[in-house]
Amino acid sequence: MATKPFALLSVSDKSNIIEFAQGLIQSGFNLLSTGGTYRLLKEHDVAVTEVSDYTGFPEMMDGRVKTLHPKIHGGILGRRGTDDTVMNSHSIDRIDLVVVNLYPFAETIARANVTMNDAIENIDIGGPTMVRAAAKNHAHVGIVTDPADYERVLIALGDGTELTTALRYDLAVKAFEHTAQYDGMIANFLGSRVNDTQEPESFPRTFNVQFEKAQDLRYGENPHQNAAFYTENQSLKSQQSSIATAKQLQGKALSYNNIADTDAALECVKAFNASACVIVKHANPCGVAVDQDQVAAYKTAFSTDPESSFGGIIAFNRPLTVAAAKAIIDNQFVEVIIAPSIEDGVLETTATKKNVRVLVCGELPAPAQRDSQLDYKRVNGGLLVQEQDLGLITANDLKIVTDVQPTEAQIADLLFSWNVAKYVKSNAIVYAKNQRTIGVGAGQMSRVNSARIAAIKAEHAGLVTEGAVMASDAFFPFRDGIDNAAEVGISAIIQPGGSMRDDETIAAANEHGIAMVFTGMRHFRH
Ligand SMILES: NC(=O)c1ncn([C@@H]2O[C@H](COP(=O)(O)O)[C@@H](O)[C@H]2O)c1NC=O
């Protein structure tokens, strides 16, 4: 029987494995390794025994069977103290540390034109078996699945081969999280195809995604609700900027509602190519403006609805300037400011209101380049899953349906208001002029009431609706919405069209001399 325990190294991602192996030898381990890992270590003069020499069985079936042997699994799973006799009688040595990372299934299925055979061959079997065995026996065995842990494991080992109970437990939880995510990915891939076909046919039969806790929250939407913020598992996470990638540079801890509203503001500001400012309150944009001058963009957005902007969330799609930060801090109570980055000096400016949360999220993708993510909505006892609404409309997509043709300036404002309406809860009505909102009517159960509210808000803010354009996130079921728009002086309307009474709304627009365009795309948001 070996006096020193074994560490078994079998890794697909071989980064830093040589240094780690050398460190393990110094700590007092003998090393066991599978083919590819063994060869790499040998090439670097690391003393190591090949698993096949130890078990007496060659690796076979193109690597499908390498470590699946009682001498390996007995060495990992044997209960020290309880199973010593049986281990001795079968010449099974202790394997006290298992270092495994799995076949790259995620990378394989992400490749264009991946074949089903490639995917199947990249389903690791022996690796997860060892990972789960070691994690189960964490009372005695350490399991390392992430090269990022090599350093802390070597430090913890020092000159010995024992890890603390706490570290073994932590590594075991991480190992089960790793295999759960790995198997979830496989189930999603196979479960969204029928009969071994290459192309996905549908959403998977079971929906398996892993979210990692980013932070505990003080409470949820209300103080009597516990809450936490989870972000998508690293391997699935989009690389694009989002609330999940954002870094907080100053201010109080983010609340549940802050995170939800910041997401709404950031996703809305991403819709604009030009420099824009979006102010969100209770998940709805209450002021939006496009202006190269960031201070002007902020001031104009704010002036749409100063009352609602109080305690709002403000998002920019350009680096935050000192001047814009100062304009905000001097002007209003704000919960969160988020921008791709900040200029030098911004934090000195915002520090005067130290509770204000300042976040940077990294450069934003162009509107047409946004990653397609899935949207989830929990219902009691279930989950609704859909593709994110990233539908884009350009001037070329617009169908002019009235006698009056919109001018170029009106088309620009129609598209602006359409972009805002997409981020306003339905029924959504947005009045806009000169690339700024004039009034936003959100979340009403009848469309005409949203239109009335947009007009009331404009009046309240001292803004003129005469000559403004109007966006409606869905078609007008009756002509009353158009009549209402005419009453407040709306000059052009953008809406999806598609109602059985489109003729009536077109006739109403013609009667009032309003230009109207159809997008053919609806943007309900609940
Ligand atoms: N089949 C087995 O018994 C087996 N044992 C370990 N592996 C995997 O083989 C990989 C390492 O292989 P190599 O050292 O040959 O490069 C690791 O990702 C490990 O998880 C196996 N491969 C697949 O199941």
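One-based numbering, in listed order, for ligands and for the atoms of each. Because only heavy atoms are used, hydrogens play no part in the values below, and waters and symmetry mates are left out as well, while side chains stay in.
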Looking at [atom], what's its closest protein heavy atom, distance included?
atom: atom 1 (N) of ligand 1; result: R64 O, 2.7 Å
atom: atom 9 (O) of ligand 1; result: K66 NZ, 3.0 Å
atom: atom 17 (C) of ligand 1; result: N101 O, 3.3 Å

Looking only at the side chains, is there a donor atom on one of S15 and D13 sitting less than 3.5 Å from an acceptor on the other?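 The criterion, which ignores hydrogens and geometry beyond distance, is satisfied for D13 and S15.
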
What orientation do [X] and [Y] show, parallel under 30°, tilted 30 to 60°, or perpendicular over 60°?
X: Y376; Y: F211; result: perpendicular
X: H138; Y: Y169; result: perpendicular
X: F416; Y: F272; result: tilted

Which of the atoms in ligand 1, numbered in the order shown and given with their element, are less than 4.0 Å from a heavy-atom of [X]?
X: T37; result: 13 (P), 14 (O), 16 (O)
X: G63; result: 1 (N), 2 (C), 22 (N), 23 (C)
X: T34; result: 11 (C), 12 (O), 13 (P), 14 (O)

Part of [X] within contact of ligand 1 (heavy atoms, under 4.0 Å):
X: Y103; value: both
X: V100; value: side chain
X: K14; value: side chain
X: V65; value: backbone

Could you tell me whether ligand 1 has any atom less than 4.0 Å away from a heavy atom of M130?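 It does; at least one heavy atom falls under 4.0 Å.
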
Are the charged groups of [X] and [Y] less than 4.0 angstrom apart, N to O?
X: R370; Y: E267; answer: yes
X: D183; Y: R132; answer: no
X: D473; Y: R525; answer: no

Identify which of G126, P104, G36 has a heavy atom lying nearest to atom 4 (C) of ligand 1.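 Checking each option, the heavy atom nearest atom 4 (C) of ligand 1 is found in G126.
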
Who passes side chain to side chain donor-acceptor pair (under 3.5 Å) against K422, sequence neighbours left out?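 Side chain to side chain donor-acceptor pair (under 3.5 Å) list for K422, sorted by chain: empty.
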
